Structure formats: C-alpha cells, structure tokens
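Right, one structure below, let's go through it.
Reckoned from all heavy atoms, side chains included, excluding hydrogens, waters and symmetry mates. Small disclaimer: the values here were computed from a predicted structure and weren't measured.
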Amino acid sequence: MDGIVGETYLEFGIKNLQLGANLIHRTLVHLHLIDELGDLIGWQRTIVEIYRFQSRLQFTGIDAALSIKYHGSIVYPKGAWKTGKALKKRYSFNPSTCQAQYGACWESLPIAWNTMNEDMMTEAERASKLAEPTAEDTATRGKGVFYVHTLGCQMNVHDSERISGVLEADGYVPATEGQYLDHDVDLIVMNTCAVRENAAERMYGTIGLWAEMKRQRPNLQIAVGGCMAQLDREKIAKKAPWVDAVFGTKNIGSLPQLLDQARIEGHAQVKVKEELNYFPSQLPTDRASKVSSWVAISVGCNNTCTFCIVPTTRGKEHDRRPGDILAEIRQCVDEGAKEVTLLGQNVNSFGYGIGDRFAFSKLLRACGEIEGLERVRFTSPHPAAFTDDVIAAMAETPNVMHQLHFPLQSGSDRILRAMRRSYRSAKFLDILRKIREAMPDAQISTDIIVGFPGETEEDFQETLRVVEEARFASAFTFIYSPRPGTPAAEMEQVPHDVAQDRFERLVALQERITEENLKTFEGRDVEVMVTGASGKKDAATHRVTGREKTGVLVHVGVPEGEPMPQVGDFVTATITHAGRHNLIADPDLKAGQTYAVRH
C-alpha cells in the first residue's frame, strides 16, 4: 500500500490521577486502543489506516490493567504529514481532559463511538451505572460486586440496564465508584457491539486486559454478552479461556445461572439463543438515569441492508404490545422520569407485523396523554417507512420533541440500490421538506457511509449535493467498514485513500453546515432539561449541562445569586455563544437576558 510507515509510542499511567468513573470506564480501564488511538491521531485527519496496534502489548506497573506501555505502526498518506515534524513522534494522552498533545499544539479530542448511534449520546447518557456509596459498603457484597461495561448503541445501553437488573435480582450488588477504581469487584460484564470491523479487536483487547486483573483476583468472574457474543459464541471461550460466561442478545436472563454453573464446573459456560422467547423488557431493570429512560418498543430488524450485521445479531423484528410499552413508560414516570426515548432498529415500522401501519403514530399520540411525561424522543426511524401520519403526530403532540435522526447513508441512488435501501434521494428530500413544513424548528441528524463498495466520484458528488440541500444539523459520517457475513463485504472495495479523501471533504462540508445552523440559536431563549454537570469545563465555569427540546447539547451558566438547577430541572436561558457542536448559555440578567428554573 502507498504510504509512509511511522512508529508511535504511547504510555498510559493513571495511578496518580483523580478521575470520574464515567470517563475512566470508557477511556482507561478498558482501553479501546484501536478506536481511541484512531480518534487521537486521526483527529488531525492525517491517518489512512492504523495497523497492528496490538502487535506488542506490554504490561507495566503494579496495577497492570491501568498502566500499560503500547507500541504500534501507523500508515500516513503520502504528503499528509503537514506539520513538518519528524515521523517518529511521542504522543501523550491526558485522560482527565481528553486531550492529545501534538508537540506544543493541543487539540481537543472527542471520545465518541457508532448507529443506532453511539455518537448521539453524551458520556453521561451512555455511562454504566455505579452505586451510591453507603455505610454498609464494606460489609454487604451479596453474591458479588459487579460492574457492566457497555460498548455500542442506545439499545446496548438499555440492555445493560436489564443485565444490571437481572444480576441485582439474583443477589449481586452494583459497584460503587470507589470499588470500581480500586478493582474491588467480583464480576465484570462486557456488553459488546458488532457494528464496526474492529469490534472483535476491541472486545478481545479489553478482555485481554481483564485477564491480568483475574490473575491478581482469581475469584473474579468475567462475562461477555451482546452482539459480538451472538456472533462469536464458542470462539470467545476458546480464545479467552479466562471468560466464565458467554451469553447472547436474546438470553440476558440466563446470565446468573451461567455464572453459577461456571463456578461449579470451572470452565466457561456458553448460551446463545437464536429465537426470542421473551422481550428483554420483561426482565428486571436498574436504570442508569432516574430522569431519562430508554424504552424498547421492538427488537430486531426485517431489512436486508447489504452493509449491516444487525439482522444477524438481533434477529427478525418483534414488536411489543402497545399496552405493555405505555405501562412501562408510566412506571418510568412514576419513578421520576421526565423524558423517555423509544428504541428500535426501525421504530416507525412498529406494528407492520400485525398489519397496522399507523401503530407508531398512535403510540406517539398516546405518549402525549401520559401525565408528567415532559419529553418523548425516538430512534432510529427508516426513511422508507416515515409516513405523513408520523410527521403529523410529531407536530401535534406537545411532548414529542422535534428532533429526528434520519439515516441517509448515501445521496447516490445507485449506491442506495446497492445498499438495498428502499428509498431514493428524491424521496428522502421530499420527506425532509414535509417534516420542516410541519416543524420548522426540527433538528435533523443523519448517518452517511463513504467509500461503500463500488462508489465512484460521481456517486460521492451526489452525496455532497444531497447533504448541501438537506442542511442536516449534524451527520455521523463513517468510512465503510466491511462486516464478515454481509453481502457488501464480498463486493469490490474502494481504496482506503480514496475513501479517506471523500470522508474529509464530506466532514468539511457538514462542519460548515453545522456551524451555520448552531449560529441561528444565538440570542434565542431555549429550555434545557438538566442531565448533569458533566461537561469538560462545567465545574470550573459554574455551568450545568443538558439538552434543549430539539436535542442540541447546551452548557448553561448559573448567574451569580441565582439558584443552581438540579438534574431533572428545566432551565430557560438565553444562548450567548454557539460552539462547533454545542451551545453556551451564559445569560446576563442586567442586559435583559433570560435565566429561569422550573422544577
């Protein structure tokens, strides 16, 4: 392959850092090295591919799982290393601020992951739950202290809440932050993702680190579930014999029994079901947030997109009964939730299996009748099934937010046909027109794949045209990643340097559109539901973080002398600055700007 091979040395050591667990569990303890290093160095857009990042992995220090030295080879495109620095670099990664150091130049590093869509969630929204410390922590361990580590989309995050609920019902106790940081756990569960090509490397690399923890704590149990477990099954137990239990997406409830049997038999227990015998919603749940709840309305997918592995890992679509869904939503509200997000691989095809093509719009309208439910969102719809009745229900139901994730995937009709996407660009744009006519304030995001097999420059120009015309609020853009077992993986692939060039051009276009869109918020009053003080600079700037009605992330400054809002409160504030990907509200009350808190 054309390119210049350089070497990069990285050293991670965090013994002396004070970090929040939400950051650590995504960035350090489980070290998603391929993803994170790709973000770290690729943020400057100089990397074509990252090769052999696990070729040399050396543990050092007392806490081996938290302190490692790492070596890998990197391939740069010809002429792309424009900094004028030597190829042999030393990068340091500061997890406490999520920044990468390029010589003397600091660049912000987003820790972001992929569709339904990982990238749609903030760190707090996808974080696994940790227990609140109590006086009895040292005495009460139940059957064991556990932690669930989640990779992937919103459905996986929700499945992890079910995993936690099942374990607690069986007598396990969730780890506190202190127990987590001290490795004082008896069980670690990984809920895996299979969307990206490097999903297997991420999984095996992480459980490889956990093997060292198990050598230090022989009674520690390790379980692997989710989509990669559904695919790899027995292979996981063979490649990682220190794993105690492997379970699939359709048998979360089996986990406690598998762990018990592993203790008795002394080797890995594998149970992966192909058929769905019960909805995960029938299992106990320990929700990570008390104010925002995930509610699954269906599982599985009936589409046959040539790039997607989801039908293999999740199976055919099965819809829940509307009455059961509404009962779960009411229960969430009774327990303090003010917002729910309806989940499904294709939420708007809900009801098609029983011949009711209006079932999803009926469900949205029924959500509008639930007292105390302030906000309803959903993800992700399929353009082919996005009908006028759904648009009307969104526009006419006050608590349904005007936020929509609407996956385009490609602007080329030829590529859409090759992807087996059952719409064309003209239909897609016509649906957007109808949405914006009904909801002029709607914020619409999308997914786009560049470098799909067979994509030509002409095809890519069609994508740029549609993106320019669609004016998406944001776009989650990916270079095509072959998934073994999918038809597209067998097609002729686009050279990576060509795909990379197209990716960079598309990102530049969308960054401009996003910046222009966010600028329109300046000077406007928005209502933000507070989800925490988890922004990188919130503590220092006396701000809280949340989302306004259309889903844009907002950091709100609390004026001197004004009440500090709590999680779940609603703050109406004037937007004073538009960032690249979020909004800042630092209202000046003397200048007539707005700040008001509603509990």
Side-chain angles (χ1 to χ4, degrees), residues 21 24-25 29-30 65 127-151 156-192 203 206-207 209-226 229 236-237 240-273 277-278 280-290 335:
I24 286 183
H25 92 273
V29 174
H30 309 306
S128 298
K129 181 178 179 180
L130 291 166
E132 294 296 325
T134 67
E136 292 106 20
D137 280 343
T138 55
T140 306
R141 299 185 72 90
K143 285 185 70 173
V145 173
F146 76 91
Y147 176 74
V148 181
H149 172 61
T150 309
L151 304 175
N156 266 24
V157 172
H158 186 40
D159 282 351
S160 289
E161 294 179 333
R162 302 290 181 191
I163 292 170
S164 294
V166 165
L167 290 172
E168 289 181 48
D170 197 58
Y172 289 86
V173 177
T176 65
E177 183 167 349
Q179 289 172 321
Y180 177 75
L181 294 177
D182 291 340
H183 299 179
D184 184 19
V185 293
D186 306 297
L187 167 65
I188 308 176
V189 183
M190 177 186 283
N191 191 11
T192 62
M203 179 189 70
T206 300
I207 59 179
L209 297 180
W210 292 351
E212 178 65 22
M213 292 176 65
K214 190 158 185 172
R215 281 190 283 273
Q216 297 175 8
R217 296 176 60 88
N219 292 327
L220 172 69
Q221 286 195 295
I222 297 171
V224 178
I236 294 173
W242 55 90
V243 169
D244 297 276
V246 179
F247 62 102
T249 58
K250 303 179 184 69
N251 60 301
I252 291 171
S254 304
L255 178 57
Q257 291 75 31
L258 294 176
L259 294 169
D260 289 343
Q261 198 66 27
R263 288 191 198 96
I264 295 170
E265 298 187 14
H267 61 80
Q269 302 296 304
V270 179
K271 187 172 185 180
V272 176
K273 289 186 177 180
N277 297 325
Y278 57 84
S281 52
Q282 296 172 243
L283 299 171
T285 305
D286 183 11
R287 298 187 185 275
S289 170
K290 297 302 182 186
E335 293 172 354

_Between K250 and D159, does any side-chain N to carboxylate O distance fall below 4.0 Å?_
no
*For the pair K271 and V246, evaluate side chain to side chain contact (heavy atoms under 4.5 Å, CB included) and give the outcome as yes or no after the intermediate values.*
CA-CA 6 Å; K271 187 172 185 180; V246 179; over 6 Å; no
Can you tell me how far [atom2] of [Y] sits from [atom1] of [X], rounded to the nearest 0.5 angstrom?
{"X": "E177", "Y": "D182", "atom1": "CD", "atom2": "CG", "result": "10.5 Å"}
{"X": "F247", "Y": "L255", "atom1": "CZ", "atom2": "CG", "result": "4.5 Å"}
{"X": "D184", "Y": "L220", "atom1": "CG", "atom2": "CG", "result": "10.5 Å"}
{"X": "W242", "Y": "M213", "atom1": "CH2", "atom2": "CE", "result": "13.5 Å"}

_Stepwise side chain to side chain contact (heavy atoms under 4.5 Å, CB included) check, I236 with M203_ = CA-CA 10 Å; I236 294 173; M203 179 189 70; 3.8 Å; yes
*asked:* Any donor-acceptor pair under 3.5 Å linking the side-chain atoms of N191 with those of S160?
replied: yes
*Is it true that the side chains of Q269 and E265 contain a donor and an acceptor less than 3.5 Å apart?*
yes
So which atom in [X] and which in [Y] form the shortest heavy-atom distance, rounded to 0.1 Å?
{"X": "S289", "Y": "E161", "value": "N-OE2, 4.5 Å"}
{"X": "G142", "Y": "V173", "value": "N-CG2, 3.8 Å"}
{"X": "E212", "Y": "R215", "value": "OE1-NH2, 2.9 Å"}
{"X": "P256", "Y": "L167", "value": "CG-CD2, 4.5 Å"}
{"X": "T192", "Y": "A229", "value": "OG1-N, 3.6 Å"}
{"X": "F146", "Y": "P174", "value": "CE2-N, 3.3 Å"}

*Start with the C-alpha distance between V189 and L187, add both sets of side-chain angles, then the distance that settles side chain to side chain contact (heavy atoms under 4.5 Å, CB included), and finish with yes or no.*
CA-CA 7 Å; V189 183; L187 167 65; 4.0 Å; yes
*So among K214, H267, Q261, which one has a side chain to side chain donor-acceptor pair (under 3.5 Å) with D244?*
K214
*asked:* Is the ring pair H149/W210 parallel, tilted or perpendicular, if the boundaries are 30 and 60 degrees?
replied: perpendicular
*asked:* D186 vs Q221, test: side chain to side chain contact (heavy atoms under 4.5 Å, CB included). Steps then yes/no.
replied: CA-CA 6 Å; D186 306 297; Q221 286 195 295; over 6 Å; no
*Which residues satisfy the salt bridge (Lys or Arg N to Asp or Glu O under 4.0 Å) test with R263, sequence neighbours excluded?*
D260
